[in-house]
S.K.: 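Got a structure for you, written out below as structure tokens; questions coming shortly.
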Amino acid sequence: MKSFTYERPSTPAQAAQALSGKPNAKFIAGGTNLLDLMKLQIETPTHLVDVNGLGLDKIEATPEGGLRVGALVRNTDLAADARVRKDYAVLSRALLAGASGQLRNKATTAGNLLQRTRCPYFYDTAQPCNKRQPGSGCGALAGVSRTLAIIGASEACIATHPGDMAVAMRVLDATVETVDARGNARRIPMAEFHRLPGDRPEIDTTLKPGELITAVTLPKPLGGKHIYRKVRDRASYAYALVSVAAVIQPDGSGRVALGGIAPKPWRVEAAEGVLPKGARATTEQLLAGAKPTHDNAYKIKLAERTLGAALIEARA
Amino acid sequence: MKFDTPAGQNPIDQLKVVGKPTDRIDGPYKTTGTAPYAYERHDVAPNQAYGYVLGAGIGKGRLRALNTATARRAPGVIAIVSTLDTPKLGLGRMNTANLFGGAEIQHYHQAIALVVAETFEQARAAAFLIRADYAAEPGAFDLDVAAKSAKPVEGGSGEGSGSGAEDRVGDFEKAFAEAPVQFDETFTTPDESHAMMEPHASIAAWDGDKLTLWTSNQMIAWGKGSVAKILGIKPENVRIDSPYIGGGFGGKLFVRSDAILAALGAKAAGRPVKVALTRPLIANNTTHRPATIQRIRIGATKDGQITAIAHESTSGNLPDGRPETAVDQTKLLYAGANRLTALKLAHLDLPEGNAMRAPGEAPGLMALEIAMDEMAERLGLDPVAFRIRNDTQVDPGHPDRPFSHRNLVGCLEQGAERFGWGKRNPKPGQVRDGHWLIGIGMAAGFRNNMLTKSGARVRLDAKGVVTVETDMTDIGTGSYTIIAQTAAEMMGLPLERVVVRLGDSDFPASAGSGGQWGANNSTAGVYAACVKLREAVAQKLGVNSADAVFAEGEVRSGNRAMPLAEAATDGDLTGEDFIEYGDISKQKQQSTFAGHFVEVGVDMHTAEIRVRRMLAVCAAGRILNPKSARSQVIGGMTMGVGGALMEELAVDTKRGFFVNHDLAGYEVPVHADIPHQEVIFLDEVDPMSSPMKAKGVGELGICGVGAAVANAVYNATGIRVRDYPITLDKLLDRMPDAA
């Protein structure tokens with residue numbers, strides 16, 4: 001860990017200003033990912049702006065009939081919120097499928113969106129990784145890639161977004177609210193929040209430098225059956241090999257997003273039209289153009305079968 | 001005390017304390033955080049500085065230069081020890097790769113520097129400022145490729161057992177060719193990491209020429225000798241102290257870089273230095289269980305009598321390293337007149353392969369016990385019945401040599417009865433519970449019992465308290481408790497009147513913790529010392545030691561009864577001795593046996609495998625403490641599930657390292673993976689093992705579990721996976737359509 005300076009502002013605008021003009025500054029909330037990365041010098045901020053005092057920890061109803069989730073709402077609290085459990089169960093289930101109780105107590109809504117990949121090459125500073133050190137190459141592409149991306153990746157990077165929460169938020173069409181140093185607010189649809197690596201894999205999201213997430217809003221409830229099915233090598237405390245977030249209506253229509261297979265929560269709205277035809281037809285469209293490695297080609301079949309399980313659960 | 005004839009009646013047979021389920025006496029210290037582990041021994045030496053180990057960033061080659069100039073100027077830095085400024089150090093006991101010194105990089109994360117600073121954070125930050133200039137060389141990192149040029153080799157596991165390069169009985173090839181039913185398949189097991197909770201850690205302090213290491217090590221006497229040899233100092237100038245160890249599993253049998261670098265760092269800094277290996281270093285800097293490729297051939301008559309059995313294993317290691325002795329159990333587990341076992345070793349430039357819990361048998365049984373399941377199916381026999389049919393009461397290679405005590409049949413029959421084996425549908429893929437495909441599998445467990453010299457000193461004081469001192473270690477196994485039970489039984493005291501001090505090289509050398517030999521041998525050493533103390537007490541009290549009875553804190557002889565403490569009123573009385581063995585283990589084969597039974601569910605959609613219940617029935621001589629023995633076995637069963645379903649050090653065969661080198665990437669079972677576990681110990685004693693009549697269970701618990709899981713997965717799905725770990729991707733293509 002490199003030495004860093006620290007401040008704790010009390011308003012979102014102050015926080016955003018605190019980062020302005022400081023390219024090596026970062027926000028810190030729960031710190032469940034950032035501190036680990038700092039210890040390993042994968043992240044080396046010279047200044048930390050602690051946003052825990054900003055009061056962004058409320059879950060409020062919106063005039064549109066949805067929910068506005070403050071950036072600092074802890075994963076545990078969000079998952080347990082009665083309104084979330086009732087109307088956005090896919091989100092509650094996704095949250096509870098992630099990490100451990102202790103981590104969920106610390107981890108925040110905004111921080112969860114910003115967690116970085118768990119690609120093992122990203123985590124080893126002696127190895128090439130374009131995401132960690134642009135231009136150094138990708139160790140994973142010709143290396144060990146069983147857990148990595150099969151779609152949306154590039155020659156520069158095959159890392160996945162490791163989270164569960166964002167997959168559910170993507171299927172719910174959530175919106176990320178931000179504020180910048182000048183006090184300007186912005187709304188970013190979840191679909192546009194995480195970006196594909198292309199030749200700039202070091203940039204995970206479409207946030208601008210210094211832009212602070214203040215909330216995530218959920219549109220009015222969709223109804224239907226909410227399912228989050230996470231598949232992993234052990235029963236708990238592991239990242240998804242494949243996950244499926246689905247909201248399925250009684251007529252068989254619905255929405256689906258996949259986790260664990262791409263640099264961002266993977267949703268193709270056009271593919272959802274064939275959901276009533278079943279998992280195979282849907283997955284064919286969802287994963288059209290997938291370029292798996294030898295090690296992770298199984299994820300295509302796994303995605304199809306996991307979606308199949310989700311659809312059966314939805315009908316039950 | 002020399003033990004070379006079977007044990008007769010002795011005070012242990014009273015079983016007033018020994019054999020009772022007893023809470024671990026170190027338990028409260030562990031659960032309240034007051035058991036000081038090596039890194040936390042803040043009070044043992046003043047002014048401790050912190051060392052941070054830097055590991056090499058290439059798999060093989062040379063270090064051309066190490067620029068430490070910036071790091072030396074970093075805040076808090078006291079000293080930097082560079083491998084380029086250190087002559088190549090000697091090898092310690094069982095070490096293959098050098099721990100430090102010189103420019104050669106033999107494997108990834110081999111230590112190249114130690115930064116010593118006032119705080120851990122300063123040492124770590126400075127280490128990131130060191131610039132290494134490597135000349136990388138191509139290396140052999142792929143076992144599949146290297147196996148093609150593997151050479152026959154004889155080998156020992158480092159934990160007692162061993163095999164020749166090729167061992168033959170009868171004419172295997174002829175008998176196999178003539179066998180009406182044949183089996184010939186190849187299995188693979190991956191590299192595995194010990195992944196113990198407590199990382200390797202040491203504090204070093206020099207007093208002139210004398211070095212003290214407070215460390216975490218399973219084998220104190222080995223460690224003392226190795227430290228002296230590696231550092232080129234006299235053994236009498238080395239003291240090692242390791243009273244609490246947060247898991248070892250074989251990863252702490254040998255001295256590792258934390259101890260050596262702490263010593264070098266303390267010398268360079270001129271003050272005590274503590275070093276813990278960070279989690280990402282452990283997989284590649286230390287040792288691991290080597291991957292294997294195993295071919296098994298079995299020939300049998302149509303009624304299921306094995307006539308030919310062959311087990312050949314290839315593993316890889318650094319030059320001069322040893323093979324994984326995966327064929328050992330196949331010499332002894334089943335009958336059969338014609339036999340072949342063979343070991344080959346391939347040259348690999350991956351980190352050093354070495355002992356991990358039940359080296360040899362753990363991966364060997366993962367293959368052999370699937371083979372037995374498959375063979376039973378070919379024969380149309382029940383897997384339990386097939387094993388019982390091929391039981392042997394003698395060493396099949398030396399039929400004049402019986403087992404000292406062997407009740408594998410009892411383990412299998414009781415296990416089958418208890419687990420409800422009779423209700424198993426032998427046709428795979430038939431049983432469903434919701435979206436789970438249910439299967440039941442079993443395997444035999446086998447691990448040898450090894451006899452090794454072990455010493456102890458016992459001291460009686462005027463308060464009637466007996467203190468035991470031995471360099472035996474407690475690696476979470478319960479050594480403290482069984483040693484206290486032994487001394488209490490021998491001296492006729494309640495457990496609370498016994499104090500046990502372990503892990504200090506100033507104490508008499510013991511068997512140490514490895515190869516599941518610790519419990520029987522270390523308590524036998526305490527027994528021997530207590531016999532000496534009983535004689536001293538009897539003499540002091542003027543009674544005949546042969547007919548004195550030590551009970552309830554008293555010494556009774558004829559109609560006299562005196563408090564034990566009375567013997568020490570003029571000063572402490574001490575008894576010191578060791579147990580050593582003649583050729584008793586050659587007269588009869590000493591082994592431990594188990595039947596493992598497992599039920600799994602396999603998700604019919606995703607092929608996720610979850611264990612639903614497990615049972616182990618163990619036959620391992622007298623069980624000294626059923627409570628801690630059970631803990632040992634369920635720990636082994638848990639590790640067996642890990643090996644079956646998830647544990648694998650993933651090899652980057654181009655860059656030459658284990659990629660998933662932390663506990664997020666190297667998955668071991670979590671609580672949610674482990675269901676109800678039941679353990680049954682058969683009531684038995686083995687008078688050939690020692691005066692304790694006990695054997696080991698710490699490794700028996702893992703031996704066979706992996707195959708029992710694999711066989712249950714086959715029973716659930718009809719899919720046979722012969723490459724561990726059995727992850728869902730190996731099933732998916734063959735899973736029945738679920739939709």
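Just so we're clear, the structure is a prediction, and the values are computed from it rather than from any experiment. So that the names make sense, note that chain A is the first sequence line, chain B the second, and so on, each numbered from 1.
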S.K.: Any heavy-atom pair between the side chains of B/Glu121 and A/Met1 that's under 4.5 Å?
M.R.: no
S.K.: Under 4.5 Å heavy-atom distance to chain B, tell me which part of A/Lys39 shows up: side chain, backbone, both or neither.
M.R.: both
S.K.: Any ion pair linking B/Asp603 and A/Arg229 (charged N to carboxylate O, less than 4.0 Å)?
M.R.: yes
S.K.: Could you tell me if B/Asp733 and A/Tyr298 have a donor-acceptor pair between their side chains, going purely by distance under 3.5 Å?
M.R.: no
S.K.: In terms of heavy-atom pairs under 4.5 Å, which option from B/Met646, B/Met735, B/His109, B/Arg124 contacts chain A the most?
M.R.: B/Arg124
S.K.: Please determine, by modelled atom types, if B/Tyr108 and A/Asp124 share a side-chain donor-acceptor pair under 3.5 angstrom.
M.R.: yes
S.K.: Atom CD of residue position A/Glu155 - does it have more than 12 heavy atoms of other residues, nucleotides or ligands inside 6.0 Å?
M.R.: no
S.K.: Given a strict heavy-atom distance threshold of 4.5 Å, which part of A/Thr147 is in contact with chain B: side chain, backbone, both, or neither?
M.R.: neither
S.K.: Would you call B/Glu608 and A/Arg305 a salt bridge, using N to O less than 4.0 angstrom?
M.R.: no
S.K.: Who among B/Val668, B/Leu129, B/Ile58 has the most heavy-atom pairs with chain A under 4.5 Å?
M.R.: B/Val668
S.K.: If the test is side-chain contact (heavy atoms from CB on, under 4.5 Å), which one of A/Val242, A/Leu241, A/Val231, A/Val244 qualifies with B/Thr606?
M.R.: A/Val231
S.K.: Do you know the tightest heavy-atom contact between A/Ser236 and B/Val670?
M.R.: O-CG2, 3.7 Å
S.K.: Is A/Lys106 atom NZ crowded by more than 12 heavy atoms from other residues, nucleotides or ligands, each under 6.0 Å away?
M.R.: no
S.K.: Taking every non-hydrogen pair under 4.5 Å, which of A/Ala238, A/Ala235, A/Ala126 racks up the most with chain B?
M.R.: A/Ala235
S.K.: Compare all side-chain heavy atoms of B/His605 with those of A/Ile312 and state whether any distance is below 4.5 angstrom.
M.R.: yes
S.K.: Would you say the side-chain atoms of B/Arg655 pair up with the backbone N or O of A/Gly143, donor to acceptor, closer than 3.5 Å?
M.R.: no
S.K.: What residue in A/Arg234, A/Lys2, A/Lys299 has the most heavy-atom pairs under 4.5 Å with chain B?
M.R.: A/Arg234
S.K.: When you look at CZ of B/Arg734, are more than 12 heavy atoms from neighbouring residues, nucleotides or ligands closer to it than 6.0 Å?
M.R.: yes
S.K.: Supply the atom-to-atom distance A/Tyr123 OH to B/His661 NE2, rounded to the nearest 0.5 angstrom.
M.R.: 12.0 Å
S.K.: Using heavy-atom distances under 4.5 Å, tell me whether B/Val641 contacts chain A through its side chain, its backbone, both, or neither.
M.R.: neither
S.K.: So do the side chains of B/Asn660 and A/Val144 get within less than 4.5 Å of each other, counting heavy atoms only?
M.R.: no
S.K.: Test your reading of the model: is there a side-chain donor-acceptor pair from B/Lys654 to the backbone of A/Ala142, 3.5 Å cut-off?
M.R.: yes
S.K.: For B/Leu54, is it the side chain, the backbone, both or neither that has a heavy atom under 4.5 Å from a heavy atom of chain A?
M.R.: neither
S.K.: Nearest 0.5 Å, what's the CD-NE2 distance between A/Glu313 and B/His435?
M.R.: 8.0 Å
S.K.: Rounded to the nearest 0.5 Å, how far apart are CG of A/Asp233 and CD1 of B/Ile609?
M.R.: 9.5 Å
S.K.: So which of B/Asp662, B/Asp652, B/Val659 actually passes side-chain contact (heavy atoms from CB on, under 4.5 Å) with A/Pro120?
M.R.: B/Val659
S.K.: Taking side chain as everything from C-beta outward and backbone as N, CA, C, O, which of these in A/Leu311 sits under 4.5 Å from a heavy atom of chain B? Side chain, backbone, both or neither.
M.R.: neither
S.K.: Using a 4.5 Å cut-off on heavy atoms from C-beta on, say whether the side chain of B/Leu732 contacts that of A/Leu302.
M.R.: yes
S.K.: Rounded to the nearest 0.5 Å, how far apart are CD of B/Gln122 and OG of A/Ser3?
M.R.: 8.0 Å
S.K.: Do B/Glu667 and A/Tyr237 come within less than 4.5 Å of each other through their side chains, counting heavy atoms only?
M.R.: no
